[in-house]
Novice: 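Quick one: the structure is below, questions incoming.
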Amino acid sequence: QVQLVESGGGLVQPGGALRLSCAASGFSFALAVMSWYRQAPGKQRELVASVAPSDVRNYADSLKGRFTISRDNAKNTVFLQMNSLKPEDTAVYYCARPSRNVWGQGTQVTVSS
């Protein structure tokens with residue numbers, strides 16, 4: 001069964017950090033482009049970052065320097081390290097294998113004092 005399970009979301013103060021994890025199963029993870037998306041209330045879902053099997057990484061221009069995507073193929077897990085968080089980063093964050101339209105259930109990140 002193809003599955004993506006996110007974890008690590010929560011409430012954090014502005015300027016804080018969170019690390020999201022996404023555990024994958026049911027497919028050849030090491031061969032897959034993996035991505036993180038987010039959707040804020042009232043807004044469209046947007047791409048945050050992607051990492052290719054070669055470990056080439058791409059980021060939304062507005063997030064470069066604060067967010068880092070990484071992968072651990074031995075653990076079938078993709079991570080999103082988020083630093084210097086801002087209230088506008090508040091959203092539900094989704095892990096995805098977009099080429100196969102596979103999505104996790106999402107994890108809520110709230111940045112608020």
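If you read the sequence from its start, that first residue is 1, and numbering goes on from there.
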Novice: Given side-chain contact (heavy atoms from CB on, under 4.5 Å), test C95 with M34 step by step and report yes or no.
Specialist: CA-CA 7 Å; C95 174; M34 299 300 299; 3.9 Å; yes

Novice: How many angstroms lie between atom NZ of K75 and atom CZ of F29, to the nearest 0.5 angstrom?
Specialist: 12.0 Å

Novice: Using modelled atom types only, decide if a donor and an acceptor are shared between the side chain of R57 and the backbone of I69 within a distance under 3.5 Å.
Specialist: yes

Novice: Is there a path of hydrophobic side-chain contacts, each under 4.5 Å between heavy atoms of I/L/V/M/F/W/Y residues, joining V12 to V48?
Specialist: yes

Novice: Does Q44 have more than 12 heavy atoms from other residues, nucleotides or ligands lying within 6.0 Å of its CD?
Specialist: no

Novice: Here's one to test your reading of the geometry: is the NZ or CZ of R66 within 45 degrees of the ring axis of Y59 and under 6.0 Å from its centre?
Specialist: no

Novice: Please examine the side chains of V33 and S99, heavy atoms only from C-beta on, and report whether any two atoms are closer than 4.5 Å.
Specialist: no

Novice: Could you tell me whether the side chain of R71 and the main chain of A52 form a donor-acceptor pair under 3.5 Å?
Specialist: yes

Novice: Which distance, rounded to the nearest 0.5 Å, do you find between the CG of D89 and the OG of S112?
Specialist: 12.5 Å

Novice: Using a 4.5 Å cut-off on heavy atoms from C-beta on, say whether the side chain of L4 contacts that of Y94.
Specialist: no

Novice: Same cluster for V102 and V51 if Ile/Leu/Val/Met/Phe/Trp/Tyr side chains link at under 4.5 Å?
Specialist: yes

Novice: Please examine the side chains of C22 and T77, heavy atoms only from C-beta on, and report whether any two atoms are closer than 4.5 Å.
Specialist: no

Novice: Which heavy atom of T110 sits nearest a heavy atom of Q108, and at what distance?
Specialist: OG1-NE2, 3.3 Å

Novice: State, yes or no, whether a side-chain contact exists between L20 and E6 at a heavy-atom distance under 4.5 Å.
Specialist: no

Novice: Can you tell me if T90 uses its side chain to pair, donor with acceptor, with the backbone of V111 under 3.5 Å?
Specialist: yes

Novice: CG/L18 to CD/Q81 distance, rounded to the nearest 0.5 angstrom?
Specialist: 8.5 Å

Novice: Could you state whether L63 and W36 fall into the same hydrophobic cluster, counting links through intermediate Ile, Leu, Val, Met, Phe, Trp or Tyr residues with side-chain heavy atoms under 4.5 angstrom apart?
Specialist: yes

Novice: Apply ring-ring contact (aromatic ring centres under 6.0 Å, His included) to Y37 and list each qualifying residue two or more places apart in sequence or on a separate chain.
Specialist: W103

Novice: What closest approach, in Å, do P98 and S35 show between heavy atoms, and which atom pair accounts for it?
Specialist: CG-OG, 3.6 Å

Novice: Output the distance between atom CD (Q39) and atom CD (E46), rounded to the nearest 0.5 Å.
Specialist: 9.5 Å

Novice: When you group the ILVMFWY residues by side-chain heavy-atom contacts below 4.5 Å and let the links chain together, are L80 and V92 in the same group?
Specialist: no

Novice: For F27, is the NZ or CZ atom of R100 found under 6.0 angstrom from the centre of its six-membered ring and inside 45 degrees of the ring axis?
Specialist: no

Novice: Are any non-hydrogen side-chain atoms of M82 and V109 less than 4.5 angstrom apart?
Specialist: yes

